[in-house]
Amino acid sequence: MRLVVPLQGVVQGRGGLILGSLIPCALYYFLQFYLKRRRSPPPPPPSSPRSPSTSSANLADLPRSSSRLSLSTRGSIGRVHVSARAGSIAKPNTSPYYIGLDRVRGDPYDPVQNPGGIIQLGLAENRLTLDLIEEWLSKHMNEAVLLGGVDGGLSISGIAPYQPSDGLMELKVVMAGFMTQVMGGTVSFNPSQLVLTCGATPAVEILSFCLADQGNAFLVPTPYYPGFDRDIKFRTGVELIPVHCRSSENFVPSIAALDQAFNQAKKRGQKVRGILITNPSNPVGNLLSREILYNLLDFARERNIHIISDEIYAGSVYGDEEFVSMAEILDSEDFDKDRVHIVYGVSKDLSLPGFRVGVIYSFNEYVLASSKKLARFSSISAPTQRILVSLLSDSGFVQEYLQTNKQRIRRLHDLFVLGLEQLGIESTKSSAGFYCWVNMSRLISPYNEKGELELWEKLLDIAKINVTPGSACHCIEPGWFRCCFTTLDDTDVGVVVDRIRNIVETCKSPA
Amino acid sequence: MAITIVTEITNLRRRIPPRGIEQMEQLLSKIATNEQHGENSSYFHGWKAYDNDPYHPNQNPNGVIQLGLAENQLSFDLVEEWITKHPSASICTSEGVQMFRDIAIFQDYHGLPQFRNAVARFMGKVRGGRVSFDPARIVLAGGATGASELITFCLADPGDAFLVPTPYYPAFDRDLKWRTGIQLIPVICESSNNFKITKEALEEAFENAQKSSIKVKGVIIANPSNPLGTTVERETQITLVNFINEKQIHLVCDEIYSATIFSRPNFISIAEIIEEVDCNRDLIHIIYSLSKDMGFPGFRVGIVYSYNDAVVNCGRKMSSFGLVSSQTQHFLASMLSDDEFVDDFLKTSSMRLAKRHQTFTSGLEEVGIKCLNSNAGLFCWMDLRPLLKEPTFEAEMVLWRLIIHKVKLNVSPGFSFHCVEPGWFRVCFANMDDETLEIALKRIRIFIQATDKKSDVPAKKSKQWQKNLRLSFSGGSRCEYEESLKSPSVMSPHSPMSPAQLVQTRT
């Protein structure tokens with residue numbers, strides 16, 4: 001730092017030595033300050049790849065999000081500047097979750113046309129029970145319903161014009177009824193506490209916008225759905241702080257770990273606004289017990305934060321354990337309801353991800369009011385709403401569908417798990433979802449994320465199966481993989497097991 | 001006994017008294033608690049009045065007629081006929097159900113290829129085949145609302161600004177600014193030259209931004225314009241392209257009314273201009289939707305068409321937040337690929353709009369009300385300056401309330417469009433049947449004739465609304481206002497006043 005010595009004032013004796021020095025110095029510093037303000041802030045350090053391979057002490061290493069990202073280096077295409085957001089999003093996605101999905105798209109398995117292609121075990125999609133819905137539609141739907149006509153009268157003026165942005169009231173009513181059915185009838189959902197959105201993806205984003213400011217964070221127990229990293233962080237600027245869960249505890253979150261994460265965040269000046277849980281869990285497939293839910297609620301209340309409970313797999317519970325929704329806990333106890341928000345949708349339980357129907361269910365009238373307004377960016381297409389109103393009104397069919405679906409998922413799950421067991425590969429006991437959480441840690445070398453990714457690549461390139469490695473889900477223990485089985489039929493399962501067997505043999509044989 | 005006490009204490013711990021609004025605001029985000037959604041603005045006040053007292057020919061013949069909603073309901077019959085003849089277009093009929101499974105699970109954010117192809121063809125047709133569109137540049141979003149927000153997220157960061165010519169669609173304030181955190185800087189247009197966008201106005205707005213250290217990322221225009229109903233001329237578009245090219249900032253063209261042209265001059269799309277004028281195409285983006293041209297706002301089909309690969313790439317990933325239902329995509333892909341239907345629809349829709357426009361404007365002319373000469377859109381830009389007691393926005397507000405509450409018509413006042421001259425009103429004419437339009441004209445006729453008889457505008461009756469008005473102007477060419485509505489008679493369930501009241505009005 002150079003000191004500017006105001007010689008003139010001193011020499012001429014005007015204003016005295018002190019004033020003669022101070023004023024020009026002050027002016028100089030003001031000039032520096034002004035110039036600094038005009039200059040854009042320095043670019044943030046390049047974001048380190050999220051790596052859970054070492055201990056959870058790495059939480060302190062998480063990059064803090066800056067509120068104004070530099071435009072000068074990031075996001076510029078030639079001389080054209082797009083937003084910093086666009087710049088970071090436009091980069092190719094390095095997560096194995098997305099890479100795997102892309103690879104399958106390029107070379108999809110077909111038993112007849114492409115038997116050497118890649119079998120998709122990386123997408124949690126359920127095709128097992130679509131035939132029932134197809135049958136129902138062909139019997140019950142005609143263009144009159146499609147047009148939204150009542151009493152058989154054709155009228156597109158029913159569905160074409162503007163609709164309430166948060167969904168038709170008729171759909172909210174049947175959706176509340178559907179959710180009640182799905183949760184086993186132990187709790188009833190109130191239609192006026194629903195906001196409908198075009199998918200669970202915008203539902204989660206809208207809640208994030210309502211509950212947290214840019215730079216704030218949510219605590220998320222790991223392993224978690226890789227899509228959250230994009231869905232929540234993309235546009236909201238809200239950070240996700242992983243709270244690691246271990247196999248020794250069946251990957252169930254501990255309050256101690258949440259507490260530690262909360263305190264560490266506080267120390268580095270990051271405000272935690274909520275906890276995001278998925279129950280039934282993705283990718284593990286386990287259910288959170290009543291006790292854990294109570295503890296989470298207590299924790300949230302003590303820290304004055306929210307709970308977002310993503311219950312999108314609630315209707316796909318095939319195990320013997322009982323699923324307990326957050327809504328049920330709040331219903332039965334006089335809990336502080338204002339901080340609990342449930343995300344739901346028809347993408348998993350009804351196998352209709354293409355229809356784009358999601359739900360925000362909240363007990364907080366202010367959150368509901370804001371979500372309603374925000375829903376205008378993500379409203380459900382009206383004709384689709386009409387179809388669902390018809391479908392979900394048939395509660396007899398819905399009951400039959402849910403039961404058959406569970407049976408079919410269970411059957412395939414058991415077949416798949418058995419096949420893996422024959423190879424000496426264990427999975428966690430899972431009760432729900434479309435996947436198994438499989439332990440292949442004995443097959444990886446070295447026992448870390450690098451070893452895990454090498455095995456993942458072997459499975460993808462040699463065995464030609466796409467699974468999701470635990471590191472993509474932020475799992476702290478290497479060697480775990482999520483394998484979705486609901487896009488397979490019995491024959492496919494056999495093919496998958498054979499292909500994995502080849503890799504297992506390779507790993508066993510000396511290098 | 002001990003167990004009961006412990007349980008009671010535990011339960012007491014969990015019981016929290018109801019929170020006040022302040023505490024709730026601490027629990028919620030800034031976005032959830034600020035007023036950026038704009039629903040307290042007067043643009044929506046008229047809608048609330050309509051919600052409270054909607055016109056119905058039989059059940060409520062004295063209710064408020066909705067002339068504030070830019071919706072195209074004139075050609076539903078054509079669509080209905082097509083649907084009846086093509087049941088296989090829907091996956092939910094026995095004829096179309098074999099496509100059901102593939103469509104039901106399709107959630108790729110690229111969108112159905114056949115849908116993108118059909119939309120690209122349709123956009124080309126609307127422009128008379130003079131330009132063609134690449135389906136690979138089509139990005140889906142949740143309606144034009146979602147599309148406007150998406151492109152803003154892609155192009156600008158919080159604090160950045162877009163220049164927007166006035167008067168402009170009021171919901172831009174919400175759609176472009178609320179979650180993105182950007183600012184909108186008005187480019188002043190005046191009636192003296194029919195609200196044309198001039199280079200001087202653009203430069204002035206740009207310089208004002210620079211003086212305030214605000215980074216301008218682009219210009220957003222609507223062509224055809226809402227609320228003017230005019231297409232933007234070739235020369236103006238060339239001026240715009242040269243302007244943004246020189247400054248290396250983006251140009252976003254909202255062309256959602258492109259197929260609502262009903263008379264000359266023809267519509268010229270920015271896609272055509274860039275074929276003639278040299279410019280950096282990475283700066284050019286189009287917003288489109290089927291809400292206005294086809295009359296399908298309920299379908300939530302929003303499109304961003306960008307010539308910039310990075311924007312397409314990034315925007316596409318954001319499509320997941322507003323993806324169009326695959327069932328709707330499949331259906332529309334079928335409909336929009338039917339060339340015969342599309343040609344017939346565009347022609348017929350245009351004719352019906354022309355006729356409706358003619359009926360309405362001549363009806364207004366009979367009582368001496370002029371509208372800006374327009375050739376597109378679903379509305380007229382009505383000049384009621386002669387009816388103002390004085391050329392102020394206060395007087396405009398008074399007149400507007402009169403029109404809503406006495407004449408029982410919901411029209412949209414110019415100040416909600418950020419018009420700098422008081423006395424202009426947007427009136428929609430395509431969202432009702434002929435009879436309703438006739439009644440609306442009749443009410444206007446009666447009102448004007450009653451006004452002519454008296455020397456004063458009969459606005460003194462509106463004192464009860466006036467006393468609750470607070471209008472503040474923040475000088476210069478930009479006009480801002482705030483109002484606080486306390487009169488219970490204009491509250492509606494949609495009125496986002498205090499949340500407590502919201503709860504009360506909810507059933």
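In the text below, chain A, chain B and the rest are named by the order of the sequence lines, each starting its count at 1.
Note that the CG atom of Leu323(B) and the OG1 atom of Thr201(A) stand 9.0 Å from one another [nearest 0.5 Å]. Taking OG1 of Thr328(B) as the reference point, atom CD1 of Ile387(A) lies at 7.5 Å (rounded to 0.5 Å). For the atom pair CG of Leu374(A) and CZ of Phe321(B), the computed distance is 13.0 Å after rounding to the nearest 0.5 Å. Once rounded to the nearest 0.5 Å, the distance linking CZ of Arg386(A) with CD of Gln327(B) reads 12.5 Å. Interatomic distance, Ser83(A) OG to Lys217(B) NZ, rounded to the nearest 0.5 Å: 6.5 Å. For the atom pair Ser29(B) OG and Arg273(A) CZ, the distance stands at 7.0 Å (nearest 0.5 Å).
No other option in His250(B), Gln98(B), Arg174(B) has as many heavy-atom pairs under 4.5 Å with chain A as Arg174(B). Put simply, of Gly181(B), Ala156(B), Pro297(B), the one with the most heavy-atom pairs under 4.5 Å next to chain A is Pro297(B). For chain A, the option among Ile105(B), Thr145(B), Thr152(B) with the highest count of heavy-atom pairs below 4.5 Å is Ile105(B). The choice from Gly142(B), Ala104(B), Ser326(B) that makes the most heavy-atom pairs within less than 4.5 Å of chain A is Ala104(B). Note on Leu211(A), Leu350(A), Val357(A): by heavy-atom pairs under 4.5 Å with chain B, the leading option is Leu211(A). By number of non-hydrogen pairs under 4.5 angstrom with chain B, the leading residue of Ser347(A), Ser371(A), Ser378(A), Ala212(A) is Ala212(A). Interface summary for chain B: among Thr384(A), Thr197(A), Leu352(A), Val204(A), the most heavy-atom pairs under 4.5 angstrom belong to Thr384(A).
In this structure, Gly322(B) and Cys198(A) approach most closely via the heavy-atom pair CA-SG, 3.5 Å. Ile31(B) and Asp213(A) make their closest contact through N-OD1, 4.3 Å (heavy atoms, listed as atom of the first residue, atom of the second, distance). Heavy-atom minimum distance, Leu150(B) versus Arg235(A): CA-NH1, 4.5 Å. What you find for Ile380(A) and Arg300(B) is that their closest heavy atoms are O-CG, 3.8 Å. Leu27(B) approaches Arg339(A) most closely through the heavy-atom pair CD2-NH1, 4.2 Å. When all heavy atoms are compared, the tightest approach of Gln163(A) to Gly298(B) is CG-CA, 4.2 Å.
For Arg316(B), no part lies under 4.5 angstrom from a heavy atom of chain A. In this structure, no portion of Leu101(A) lies under 4.5 Å from any heavy atom of chain B. When heavy atoms are compared at a cutoff of 4.5 Å, His330(B) does not approach chain A at all. Only the side chain of Glu125(A) comes within contact range of chain B, judged by heavy atoms closer than 4.5 Å. Contacts between Phe209(A) and chain B at a heavy-atom distance below 4.5 Å involve backbone atoms as well as side-chain atoms. Asp175(B) touches chain A through backbone and side chain together, each having a heavy atom under 4.5 Å away. For Leu69(B), the part lying under 4.5 angstrom from a heavy atom of chain A is the side chain only. With a threshold of 4.5 angstrom between heavy atoms, Ser351(A) approaches chain B through N, CA, C or O but not through any side-chain atom. Residue contact with chain B, scored on non-hydrogen atoms closer than 4.5 Å, involves the backbone and the side chain of Ile133(A) alike.
Using cut-offs of 30° and 60° for the angle between ring planes, the Phe100(B) and Phe355(A) rings count as perpendicular.
Glu134(A) is listed as a side-chain neighbour of Arg101(B), based on a closest heavy-atom distance under 4.5 Å. Between His306(A) and Leu28(B), the closest side-chain pair of non-hydrogen atoms falls below 4.5 Å.
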Start with the C-alpha distance between Arg179(B) and Glu205(A), add both sets of side-chain angles, then the distance that settles side-chain contact (heavy atoms from CB on, under 4.5 Å), and finish with yes or no. CA-CA 11 Å; Arg179(B) 300 195 293 189; Glu205(A) 197 201 32; 4.0 Å; yes

